[in-house]
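Residue numbers count from 1 along this sequence. In listed order, ligands and their atoms are each counted from 1. Everything quoted here is computed from the prediction, not taken from an experiment.
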Amino acid sequence: MNINVTRSSMPSYEEYCEEIKDLWDSRWLTNVGSKHQKLQRELEAYLDVPHLELYTNGHLALEGVIAAMDFPKGSEVITTPFTFVSTTHSIARNGLVPVFCDVNPEDYTIDVTKIESLITDKTVAIVPVHVYGNLCDVETIARIAQKHGLKVIYDAAHAFGMRYKGRGVGSYGDASMFSFHATKVYHTIEGGCACYHDDALTQKLTDARNFGLHGQEECLYLAGNAKMNEFQAAMGLCNLRHIDGEIEKRKVAVDRYRQRLSNIKGIKLSVIQENVQSNFAYFPVVFDGYKYTRDEVFARLKEQEIIARKYFYPLTNDFACYQNMPTGGGSKTPVAQHYASCVLTLPLYADLTCEDIDRICDIILK
Ligand SMILES: *Cc1c(COP(=O)(O)O)cnc(C)c1O
């Protein structure tokens with residue numbers, strides 16, 4: 001049987017229908033309706049963040065929160081290429097220059113020992129990524145940012161519901177973005193949010209999410225449309241009721257993978273980070289000196305209709321739109337380049353059975 005790399009969690013059909021029923025009475029389908037407002041409140045509490053605004057997808061949330069910080073065009077933003085291309089685009093599409101910092105070989109997040117050498121008088125911010133739900137070194141990043149007067153905006157697309165030292169991860173840095181895309185741990189079909197500390201951002205973010213309109217007769221910003229609609233919010237309200245159970249089921253699957261793939265020569269699993277409450281979003285495996293290469297394992301699984309993902313490959317600084325920039329080209333970030341060549345994320349979702357995991361591991365180990 002075919003196994004995909006991910007499979008969306010869903011409430012029962014009846015539960016979703018019950019949730020959307022009153023939309024046929026209210027006829028209020030978008031523009032910050034009652035479901036949007038309810039989901040915003042519930043997520044603020046669940047994610048343990050000071051402020052939260054919902055968006056129609058995670059990308060526009062990240063692009064929007066960077067835009068709201070009003071950095072001068074042409075400013076530099078330090079980020080990593082070992083991510084989904086959305087991170088890099090959200091910087092570049094704001095007229096800012098992404099400066100690529102390498103990742104560390106332990107957890108593939110930004111290498112904090114290499115950040116300061118990239119800071120120039122044009123640097124305004126750091127946009128690190130909590131890759132696979134591996135948390136960045138938030139404390140060192142905060143110290144560097146404070147010393148140099150930089151903003152910190154996390155791409156937390158992979159880190160929904162995670163906590164560090166008991167605090168919601170979205171409360172670290174000046175702002176964070178979570179993605180609620182259908183492939184993520186928690187979803188609203190498409191969707192996302194920006195979390196932030198500064199009260200002054202609220203009006204900018206909410207206006208800019210709706211064409212820059214302020215009330216009915218004023219337009220303050222040149223902006224697009226990024227509103228979450230009521231059907232998305234309804235899916236979010238349903239999925240939030242079940243999220244803890246879904247994460248618990250993912251943990252069972254991850255434990256099984258670890259049991260089968262630990263202590264094998266040439267196979268490296270992600271570190272288990274201290275003080276971190278994980279969400280078990282992804283199961284990346286590094287094939288470094290293993291009897292098969294990453295691409296061979298990928299192909300063998302595919303022959304059996306098991307779809308793993310070369311995530312993240314290619315690096316974003318190797319894409320045509322970035323490779324000719326001053327810090328573009330994967331060779332300038334050799335650690336990221338190495339892991340991009342040998343990492344594979346294995347299928348992982350709440351309903352993946354231990355039998356399926358055993359079948360996947362048998363193929364890898366055979
Ligand atoms: C999914 C993802 C995004 C984009 O989120 P969307 O909701 O799909 O727009 C950005 N960054 C990372 C790391 C992601 O995985």
Task: Per-atom contacts of ligand 1 with Thr83, taking only distances under 4.0 Å to non-hydrogen atoms - done: 13 (C)
TODO: From atom 1 (C) of ligand 1, work out which of Lys184, His158, Met177, Glu63 has a heavy atom at the shortest distance.
DONE: Lys184
Open item on the list: Only heavy atoms of Tyr311, strictly under 4.0 Å: list the atoms of ligand 1 that pass.
Closed with: 15 (O)
Task: Subset of ligand 1 atoms that lie under 4.0 Å from at least one heavy atom of Gly191 - done: 7 (O)
TODO: Look only at the side chain of Gln232 and the backbone of Glu190, and say whether a donor-acceptor pair between them is shorter than 3.5 Å.
DONE: yes
TODO: Taking the six-membered ring for Trp and the single ring otherwise, decide whether the centroids of His89 and Tyr322 are under 6.0 Å apart.
DONE: yes
Task: Check: Phe82 ring centroid to Tyr339 ring centroid under 6.0 Å - done: no
Task: Presence of salt bridge, Lys38 and Glu19, under 4.0 angstrom - done: no
Open item on the list: Suppose we measure from atom 9 (O) of ligand 1 to each protein heavy atom; which comes out shortest, and what is that distance?
Closed with: His59 N, 2.8 Å
Open item on the list: Donor-acceptor check, side chain of Arg209 to backbone of Leu60, threshold 3.5 angstrom: yes or no?
Closed with: no
- [ ] Starting from atom 11 (N) of ligand 1, locate the nearest protein heavy atom and write down its residue, its atom name and how far away it is, to 0.1 Å.
- [x] Asp155 OD2, 2.7 Å
Task: atom 8 (O) of ligand 1: the protein heavy-atom neighbour that sits closest, reported with distance to 0.1 Å - done: His181 CB, 3.8 Å
Open item on the list: Tell me whether Arg250 contacts the main-chain N or O of Ala281 through its side chain, where contact means a donor paired with an acceptor under 3.5 Å.
Closed with: yes
TODO: For this output row, return yes or no: ring centroids of Tyr46 and Phe160 closer than 6.0 angstrom.
DONE: yes
Open item on the list: I want to confirm something. Looking only at heavy atoms, which of Ala156, Ala182, Ser179, Ser86 is nearest to atom 5 (O) of ligand 1?
Closed with: Ser179
Task: Heavy-atom nearest neighbour in the protein, as seen from atom 3 (C) of ligand 1, with distance rounded to 0.1 Å - done: Phe84 CD2, 3.7 Å
Open item on the list: Can you check which of Ala157, Ala61, Gly58, Gly192 brings a heavy atom nearest to atom 14 (C) of ligand 1?
Closed with: Ala157
Open item on the list: Quick check: Tyr282 and ligand 1, any N/O pair under 3.5 Å apart?
Closed with: no
Open item on the list: Between Asp351 and Lys249, does any side-chain N to carboxylate O distance fall below 4.0 Å?
Closed with: yes
